[in-house]
Amino acid sequence: SSKINAQDWPNLNKYKKANAALSVPEKDGNRVVFMGNSITEMWKDAHPEFFEYHPYVNRGISGQTTPQMLLRFRQDVIDLNPKIVVILAGTNDIAGNTGPMTLEQTRDNIMSMVELAKMNGIAPIVCSVLPAYDYPWRPGLKPNIKIPKLNDMLKTMAEEKDVMYLDYFTEMADERNGLPPKLTTDEVHVTKAGYEIMEKMVNEAIDKVLENK
């Protein structure tokens with residue numbers, strides 16, 4: 001698989017067919033694209049109805065970092081003509097999945113996605129990174145300290161860009177700045193109970209953005 005990754009680093013191939021099969025949204029259709037990593041991708045497996053019953057398009061790719069998402073943002077978000085994009089990203093940057101990155105670089109990549117969306121008439125919702133006490137696949141990186149720092153930067157950036165900031169972290173974190181056992185299986189990925197909290201919050205955020213659009 002590493003050979004394939006070298007040829008298609010952002011994994012543009014993954015949603016190529018699905019994108020082509022998507023119809024043009026209705027004139028007043030409120031399509032929302034969810035851009036993210038495994039937390040977004042696994043949402044569809046945990047609760048497929050959430051995406052089937054709403055005009056919501058899931059474009060999560062497990063393991064991805066913000067530079068990879070930025071490279072597929074045009075194909076997997078802009079070209080689908082949504083009203084809104086929900087961006088939930090950054091935890092794999094801290095884990096170093098595609099190499100070492102600073103929190104500033106992560107914030108800047110998310111800011112680039114926000115700017116691209118706005119230039120194309122798409123309202124971005126910038127999500128806080130979810131709590132993670134430690135990464136099982138790469139322990140010792142102190143995400144419990146770095147994620148709150150990154151979230152502060154994302155919140156500030158969202159305010160400066162005048163876009164919605166959705167704070168999952170505060171709602172879901174325990175006293176360790178991690179996820180409590182009810183919401184996670186492995187300190188990072190989310191249970192159905194976790195997704196239920198996120199669904200309520202993101203639906204409210206989407207409604208609010210649509211009211212103002």
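Just so it is clear, the values below take in all heavy atoms, side chains as well, and ignore hydrogens, waters and symmetry mates.
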(Q) Would you say the ring centers of F50 and Y56 fall short of 6.0 Å from each other? (A)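 Yes.
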
Q. Parallel, tilted or perpendicular: which fits the ring planes of Y135 and W137, with parallel below 30° and perpendicular above 60°?
A.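 Because their plane-to-plane angle lies in the 30° to 60° range, the rings of Y135 and W137 count as tilted.
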
Q: Mind telling me whether W43 and F34 have parallel, tilted or perpendicular rings, with 30° and 60° as the class edges?
A: perpendicular

Judged by atom type as modelled, is there a donor-acceptor pair below 3.5 Å linking the side chain of [X] to the main-chain atoms of [Y]?
| X | Y | value |
| --- | --- | --- |
| N212 | K208 | yes |
| Q105 | T102 | yes |
| T191 | K182 | yes |

Q: Considering non-hydrogen atoms only, spot the tightest contact between V188 and D134 and give its length.
A: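 Closest heavy-atom pair between V188 and D134: CG2-O, 3.8 Å.
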
Q) Which atom pair, heavy atoms only, marks the closest approach of V129 to L88? A)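 Closest approach of V129 to L88, heavy atoms only: CA-CD1, 4.4 Å.
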
Between atom [atom1] of [X] and atom [atom2] of [Y], what is the distance when rounded to the nearest 0.5 Å?
| X | Y | atom1 | atom2 | result |
| --- | --- | --- | --- | --- |
| Q68 | D8 | CD | CG | 9.5 Å |
| I94 | K149 | CD1 | NZ | 10.0 Å |
| S38 | I61 | OG | CD1 | 11.5 Å |
| L12 | D76 | CG | CG | 7.0 Å |
| N81 | L22 | CG | CG | 10.0 Å |
| M157 | D152 | CE | CG | 12.5 Å |

Q: Report the C-alpha distance between N19 and R59 in whole Å, list the side-chain angles of each, state the deciding distance to 0.1 Å, and finish with yes or no for side chain to side chain donor-acceptor pair (under 3.5 Å).
A: CA-CA 10 Å; N19 289 342; R59 289 296 177 264; 2.7 Å; yes

I'd like to check [X] versus [Y] (side-chain heavy atoms, cut-off strictly below 4.5 Å). Are they in contact?
| X | Y | value |
| --- | --- | --- |
| P124 | M164 | no |
| Q64 | N11 | yes |
| L130 | V190 | yes |

Q: With side chain to side chain donor-acceptor pair (under 3.5 Å) as the test, would you mind laying out the steps for N30 and K83 before giving the verdict?
A: CA-CA 6 Å; N30 295 322; K83 290 258 174 80; 2.8 Å; yes

Q: Group every Ile, Leu, Val, Met, Phe, Trp and Tyr by side-chain heavy-atom contacts under 4.5 Å, then state whether M101 and M153 land in the same group.
A: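 M101 does not cluster with M153.
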
(Q) If hydrophobic clusters are built by linking Ile, Leu, Val, Met, Phe, Trp and Tyr wherever their side-chain heavy atoms come under 4.5 Å apart, do V163 and L150 end up in the same one? (A)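 Yes, because V163 and L150 connect within a single hydrophobic cluster, where side-chain heavy atoms sit under 4.5 Å apart.
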
Q: Answer yes when R176 and E187 have at least one side-chain N-carboxylate O distance shorter than 4.0 Å, and no when they do not.
A: yes

Q.
Taking the basic N atoms (NZ, or NE/NH1/NH2) and the acidic carboxylate oxygens, is any pair closer than 4.0 Å for E41 and K14?
A.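 Looking at K14 together with E41, the answer is yes, because their closest N to O distance falls below 4.0 Å.
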
Q) Just wondering, more than 12 heavy atoms not from E171 lying within 6.0 Å of its CD? A)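 Atom CD in E171 is not packed in, count stays at 12 or less.
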
